Peer 1: 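One structure, pasted below without further comment.
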Amino acid sequence: MFISKEVRPSATLKFSQKAREKVSRGEVIYSLGLGEPDFNPPLEIIERVYEAAKKGFNKYGNSMGMDSLRSHIAQKLQKENKILCEKDGICITFGAKQALILALMAILHPGDEVINISPCYVSYVPQIKIAEPHAIIKNVDLCRKDFSLDFDAFEAAITRKTKCIILNSPNNPSGKVFTRSEFDRIISLISNREIYLVSDEIYEYLNFGDCAMISPGSYSDVADRVFTINGFSKSFGMTGWRIGYMTVPATQRKNVNTLVQHINTNVTSFIQKGLVGIYDIDRTFLNNYNSHLRKMAGYITNELNAAGLKVAGPQGGLFCFVDISAKGLKSDAFATTLLEEQNVAVTPGIAFGDNWDDYVRISFAGKEEEIVSGIEGIKKFIL
Ligand code: PLP
C-alpha cells in the first residue's frame, strides 16, 4: 500500500509511550499528554452492556448499526442539535475516529481539495491521505491571539475543487468553541457550493465556557451535505470501548454502507445494545466534570500567563494550547526536555500542524493534584 509521507506515527502516542517507560523505571510522571477523561463509564451503562452480552447480543448485526441505537441517536440529534435526521441516516462506527475516515473515504476523489482548520486533531491529515492519497490539503490557521477563524484565509482557501471542510468545535487542541456568528459566516460562504462539511463534535458535552454548542448540520442550507460526527469516548469515559457514530448524507449512504460491510461487518453488538438510552441517563457527572475542566482551564491559563508563556483560555474540550516561544525551544525539544528534567508529559504543537512548532498542548483531563504538580514542573522548567 502506498502510504503518503504525511502519514506519520501519532506524536501523542509517542510521548505517552516515553512516559510509560519512565513509569516502568519507578519514576513519578505528571501526565498532561493524552486526552482521556479520568472517570469510568456510568455504572448503569456497564451493567446494561453486561446484560446485553448475557442476553445473547453476541452475534453479527446490521453493518450500519443496531436500529434501536440508531433511533435513539437520531432522537438525540433532533432534540439537542436541531439536526433533522432519521435512523437510516446514522452509521455506528468504532469510535469517532473511524467515522471520520469513513466519511473521507466515501467522498474523496483524486485531486479533491480538503480545507483543514489548523491546529487540528493529530489524525485528520493522516486520515485524509489514507482515504485519498491524491487529495490536496489546504490548511487554514486559526488566529494566534484567540484561535478565532481567519475568515479572509478561509474564504481564499475555497475553490471549485473544494470537496470538504473539516470542522471541530469544541476544538482539540486549541479549546476554541465556534460561536453562532462564526458558524453563520462559514455556512454563508459555502451554502451555494457543493461542499461537504465533516463536523467533528466529539467534545460536545465538554463545553464549559460561554459559547453554546452549535451543530452545522442544523443549518437547513447545508444539512444534506454534513457528516455530523460524534461518539461516547470523551463524554462517557469510554475511550477504550471504541464506539461512535455519524450522520451520513443521503447521497453517501450507499458508499458508507459498502465500506462498513467490508471493513467492520458491524460494531460490537452487546456494546451497541447497552448504549440504547444512554442520552436519557442522569448527566450530573458531566456537570461536575465540566466544573473541574473550567477550574483547571482557568488555573493553567493564569499560572502560565503569569510565568511568561501565552495561553488563550480554552472554552471547551480537554486542552490548553500554549505558546512557548518565550522559552526559545521548538515544541519537540520543549516536550522532550520537560519530560526528561521535570517528569511532565505534554504534547508538542508540531503534532497538530506544521505552523504550530512554538506551541505545546497541555491536557487538563486528569486529576487536579497531577495537573497542579505538572504546572509547577513547567514553571520551574521555563524559569
Ligand atoms: N476527534 C477529536 C477531535 C479527538 O480529539 C479524538 C480523540 O482524541 C477523536 C476524534 C477520536 O475519538 P474516538 O476515541 O471516539 O475515536
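The basis for the numbers below is simple: all heavy atoms, side chains too, and nothing from hydrogens, waters or symmetry mates. All figures in this text were calculated on a predicted structure; none of them were measured in a lab. Each ligand, and each atom within it, is numbered from 1 in the order the structure gives.
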Peer 1: Do His109 and His134 have side chains that get closer than 4.5 Å, going by heavy atoms?
Peer 2: no

Peer 1: Quick check: does any side chain N or O of Ser215 sit under 3.5 Å from a backbone N or O of Ser218, one acting as donor and the other as acceptor?
Peer 2: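 Not confirmed, Ser215 side chain does not pair with Ser218 backbone.
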
Peer 1: Check whether Trp356 forms a cation-pi arrangement with Arg144 (NZ or CZ under 6.0 Å from the six-membered ring centre, at most 45° off the ring normal).
Peer 2: yes

Peer 1: Which protein residues come within less than 4.0 angstrom of ligand 1, counting heavy atoms only?
Peer 2: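 These residues qualify: Gly95, Ala96, Lys97, Tyr121, Tyr124, Asn168, Asn172, Asp200, Ile202, Tyr203, Ser233, Lys234, Arg242.
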
Peer 1: Can you name the residues that form a side-chain contact (heavy atoms from CB on, under 4.5 Å) with Val276, not counting sequence neighbours?
Peer 2: Ser68, Leu69

Peer 1: Suppose we screen for side-chain contact (heavy atoms from CB on, under 4.5 Å). Which residues come up paired with Ser233, at least two apart in sequence or across chains?
Peer 2: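 Expected list: Thr239, Arg242.
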
Peer 1: Sequence neighbours left out, what pairs pass side-chain hydrogen bond (donor to acceptor under 3.5 Å, both in side chains) with at least one residue falling in residues 296-308?
Peer 2: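 Those involving residues 296-308 are Glu303-Lys379.
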
